[in-house]
2 protein chains.
Amino acid sequence: MAVATYAIGVDFGTEACRAIVVDLSDGNEVGVVSLAYPHGVVDDLFPEDGSKLPRDWAIQYPSDYLTVLEHCVQGVLVQAEIDPASVISLGLDATACTLIPVDAHDTALADLAPYASNPHAYAKLWKDHSSQPQASRINAAALERGEKFVDYYGGKISSEWVLAKTLKLAEEAPEIFAAAERIYECGDWLVSTLVGEETRSAAVAGYKASYQAEIGGYPTADFLEGLFPGFADVLGKLGWDFLVPGQRAGGLTAQWAQRLGLPPGIAVGASNMDAQVAMLGAGISKPGEMLLVMGTSVCNLMLADEREFVPGVAGLVSDGIVPGYWAYETGQAGVGDTFGWYVRNMVPAEYVERANAESKSVYELLEEMAARMQPGESGVMALDWFNGNRATLMDSHLSGLLVGMTLQTKPEHIYRALIEGSAFGQRIIVEAFRDAGVPVTRLVACGGLASRAPLLIQTLADVLGMEIEVSRSEQTPALGAALHGALAAGSAEGGFAYFGDASRIASPIAVTYAPNKSRVKQFDELFALYRRLYEQFGNEERAMMHSLRAHASQVSNNKTKE
Amino acid sequence: MAVATYAIGVDFGTEACRAIVVDLSDGNEVGVVSLAYPHGVVDDLFPEDGSKLPRDWAIQYPSDYLTVLEHCVQGVLVQAEIDPASVISLGLDATACTLIPVDAHDTALADLAPYASNPHAYAKLWKDHSSQPQASRINAAALERGEKFVDYYGGKISSEWVLAKTLKLAEEAPEIFAAAERIYECGDWLVSTLVGEETRSAAVAGYKASYQAEIGGYPTADFLEGLFPGFADVLGKLGWDFLVPGQRAGGLTAQWAQRLGLPPGIAVGASNMDAQVAMLGAGISKPGEMLLVMGTSVCNLMLADEREFVPGVAGLVSDGIVPGYWAYETGQAGVGDTFGWYVRNMVPAEYVERANAESKSVYELLEEMAARMQPGESGVMALDWFNGNRATLMDSHLSGLLVGMTLQTKPEHIYRALIEGSAFGQRIIVEAFRDAGVPVTRLVACGGLASRAPLLIQTLADVLGMEIEVSRSEQTPALGAALHGALAAGSAEGGFAYFGDASRIASPIAVTYAPNKSRVKQFDELFALYRRLYEQFGNEERAMMHSLRAHASQVSNNKTKE
């Protein structure tokens, strides 16, 4: 028997980082360690001076990523009880678009004294939606000029993405914009730090930085300069040489090898996003198969031979997941996040006490109560846009809606409505693919919510009228990241030469949820109502939610000025 | 100085009864006692057998009214430390339409063994909305036949009213309908019980039983029989001889004089509804002046010389409040109720703990937090239809809506949205009066919510752009009831001959809320959004809320059958 070899995968999520050790002979996960970021998500008070961040901001401390990386990797090596010398590779994934401005030495500006007091110097987290005005202007300008790049993103780019975030930076913090030698995606910054030189991921550039090779790369300097004088400089701060998924970024530097307790020089893979690497983690490689990565948000990914412009698909990237295929990305902006918001802000003490008395989490209690209800029994319907709509409308300034409440409505009714609303939102996406001629033939779900929220998954099966297969691994992104690292190492160093080889040790399916015929029928009727609400607030009356948000922002900004 | 004389007023509310003793020389309230009904509002499990009541039911125990009447009157006499012999009258008001079926001796059927196990035999509380299908059929038939009576009720009658409730009774509980010698409004039953003979109030018949003297009284037997065979029998179970407000119903029987500790034979006044008697309690007597009785719901009342058919006005009754004037009634179906629902079902433990730590109620804490916000700052808007819409749409199957929530939305944001939504709903009413040519020239608020919810009243002033005067008495209905009793006694017995005389000792204004100019402007913009939502869900897309409720009822009924 050959000597065991291992790959480490590290998944940088929104709230926490987790590292796993994977046995490359069989895919077994022999260790998992997770740690929350010390400063978490900063979206209210800025810790450096206690000031209130403007509405819709969400930032993080870049140094937090390095701190937890070190502790997670050291910890997982101890937990796995393996010889560190048998680790052949390190692969990672991270949230995107999460942007970090750095100096010429790749040091985050947030860690440099002159900039540390400016929140613009920090990592702008993917869910920072404060650049919506910029996104709207970019989209309007692109439409006016007939720019082709937006076609790859459902006709418009998101406030979450590189162009919107960097334009806001150039406009509102010109000193940070000027000082930024480079602006990195979080994952690219981490990989560059680990290998000691600038590296960039083609996939992330395609998804988030509007880079499309077949039309010449980024939007033109002329276009960018027209948005704001000097903004074309951003082209010099982003990458131009790219690595495809599974490619080797470099060898682990001696300094980082020491900090992590790993052998120096082992392969570090190109970074990609959590959902993208999860495709390999879940063993998906064929066109028509869709992966749902279910956590705070839901990310939908699919491979296809054809490039069809599916309305609302937020990313259409060649080589975005597996070299040689077009990768489609879309999703729902708030799912687990919304349940979390609800439980934190809307569940009365009585339910918390009852859950405690029954030794359950509040989620488990509510899910149990909601599971006893039939479709539509709550009388309440939700538009699941509490974090905006990323599905087909690409509009982060849409918001949540609950309708149908009476004085008899109980917390479990609203919880049930949130679950049904999430499932209806997913059906909107699947139908958009079908209508565009890229039908979904198989659905695999992974991520924390897929294993922890059985009612949500069953409801999804019933609403879609399709089987949902749930991946066994609870760490599909971390597993996928590890397999990408092993691809970077290549077969000569004990890793893999091809995606197909790596997928053989990917996570098996743990459980398959079959749709229930009678509920499918009930949900068909309810979905017609959901679609009506979706049309009303998403198209005909979209100004409603925009106006409410604009009023709130205006008041809030006036208060900040006072 | 003359010997002091006193009047007792008793207000039968939704959750509790309160009795006051009023000094007839100056209107001082020398005693107030309040007691909750032993069985409360029964809207979930029926205590007699533990069975689940169907959706939208709300019943009470008739015997509860008598029990609390006895305890409240005895208690208030002790508290006031007056000689019972100096009490010259008893006046009362009660919720309506709250129907009690009785036998030939005026004993409630619920108190008779053969019927006690049938929830239909109990008092159907005003807010029982289970007769909506009947109301819809009555309205459709009235429209088809061109029946004039509906013109007095904004074009349609409510599911809360006599015809809808009794039609449901005739259809679903024919044995109770047949056994009911009479069907009383709660207030009429109480007065009849106290004076020992059947008495009926013209006002309540006008508001709730579709009785309009100028078009011949009740809807015709022919019309009623067409709704359901045998339903015309209801005409024999309702009253035909009526007392106007302030008229003497009779003398207190010896038996009840003993039970209450009052002199036998003292005047008992005709009953009326809480809001109607509150007009006199608040000293309102002129056309154009509107009273808002603010509690679980808000009742809007106004006197006018003219009879205009204001769209959506739910009651237009000659002699309905003061003999000689037309009385307009409309209102909001759920206000205090909605705040109560919210606090019970949607406020997290953290807020309850904080309120406890600061020795406040949760309402006070939320109101404090909401008061720090500007109009629209919450970003959330509510349609205040959690108990249906009684304002201009007269549709109890409409429901609540919340729009604009994000993951940053906090409980105080939603609380603020509920307050703003209630105020917007009130503006819809005031504008409907103005548009129909019966402008509102003055607004007086009374009731528990008027004195306990300053932010709501200020918001009302800001949203309406009008001053709101708040009546000092917290017991305006009970005070009004007492003054009606004193009118029934007449001047010869130490009471009053005319409404104008009685109004001189009515409650003074405690505080006047002036509109804030800058907020008035902000709210004007927000109100345009509210009106848009109102039109959408109330007219163009009314099917949405109806369909959601229909689905829920269907599932719930199927479950009950299983």
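In what follows, chains are A, B, ... by sequence order, proteins preceding strands, each numbered from 1.
Most heavy-atom pairs under 4.5 Å with chain B, from the set A:G404, A:S547, A:S553: that is A:G404. Interface summary for chain A: among B:Q374, B:H413, B:Q554, B:K127, the most heavy-atom pairs under 4.5 angstrom belong to B:Q374. Between chain A and the options B:V343, B:L383, B:V380, B:L526, heavy-atom pairs under 4.5 Å are most frequent for B:L526. Counting heavy-atom pairs closer than 4.5 Å to chain A, the top-ranked of the candidates B:P375, B:G388, B:A552, B:A543 is B:A552. Contact count against chain A (heavy-atom pairs under 4.5 Å) is highest for B:D337 among B:L398, B:D337, B:V352. Counting heavy-atom pairs closer than 4.5 Å to chain B, the top residue among A:Q536, A:R549, A:M373, A:E353 is A:Q536. Heavy-atom pairs under 4.5 Å with chain B peak, among A:W385, A:F386, A:Y342, at A:F386. Looking only at heavy-atom pairs under 4.5 Å with chain B, the residue among A:A550, A:G379, A:A382 that has the most is A:G379.
Looking at A:D44, there are no atoms closer than 4.5 Å to chain B (heavy atoms on both sides), in backbone or side chain. Interface remark: A:E541 contributes side-chain atoms only to the contact with chain B (heavy atom separation under 4.5 Å). In this structure, no portion of A:Y351 lies under 4.5 Å from any heavy atom of chain B. Contact of A:R344 with chain B is made through the backbone alone, with heavy-atom distances under 4.5 Å.
Closest approach of A:T409 to B:W341, counting heavy atoms only: O-NE1, 2.7 Å. Nearest heavy-atom pair across B:M544 and A:L529 is CE-O, 3.4 Å. Summarising the geometry of A:M381 relative to B:L548, their closest heavy-atom pair is CB-CD2, 3.8 Å, with the distance given to 0.1 Å. The shortest heavy-atom contact between B:D56 and A:Q408 is OD1-OE1, 4.4 Å. Minimum interatomic distance between A:V403 and B:M545 (heavy atoms only, all atoms of both residues): CG2-CE, 3.7 Å. Scanning both residues, B:R55 and A:E377, for their nearest heavy atoms gives NH1-O, 4.3 Å.
Using a 4.5 Å cut-off between non-hydrogen atoms, the part of residues 414-424 of chain B that approaches chain A consists of B:I414.
With a 4.5 Å cut-off on side-chain heavy atoms, A:T406 and B:N387 do not count as touching. At least one side-chain heavy atom of A:P411 sits less than 4.5 Å from a side-chain heavy atom of B:N345.
Note that the CE atom of B:M346 and the CE atom of A:M405 stand 6.5 Å from one another [nearest 0.5 Å]. Residue A:S399 holds its OG atom at 11.0 Å from CG of B:L402, rounded to the nearest 0.5 Å.
By the 6.0 Å contact criterion, NZ on A:K521 is open, its count of non-hydrogen atoms from other residues, nucleotides or ligands being 12 or less. No more than 12 heavy-atom neighbours from other residues, nucleotides or ligands sit within 6.0 angstrom of CD on A:E350.
With sequence neighbours excluded, no residue forms a side chain to side chain donor-acceptor pair (under 3.5 Å) with A:Q522.
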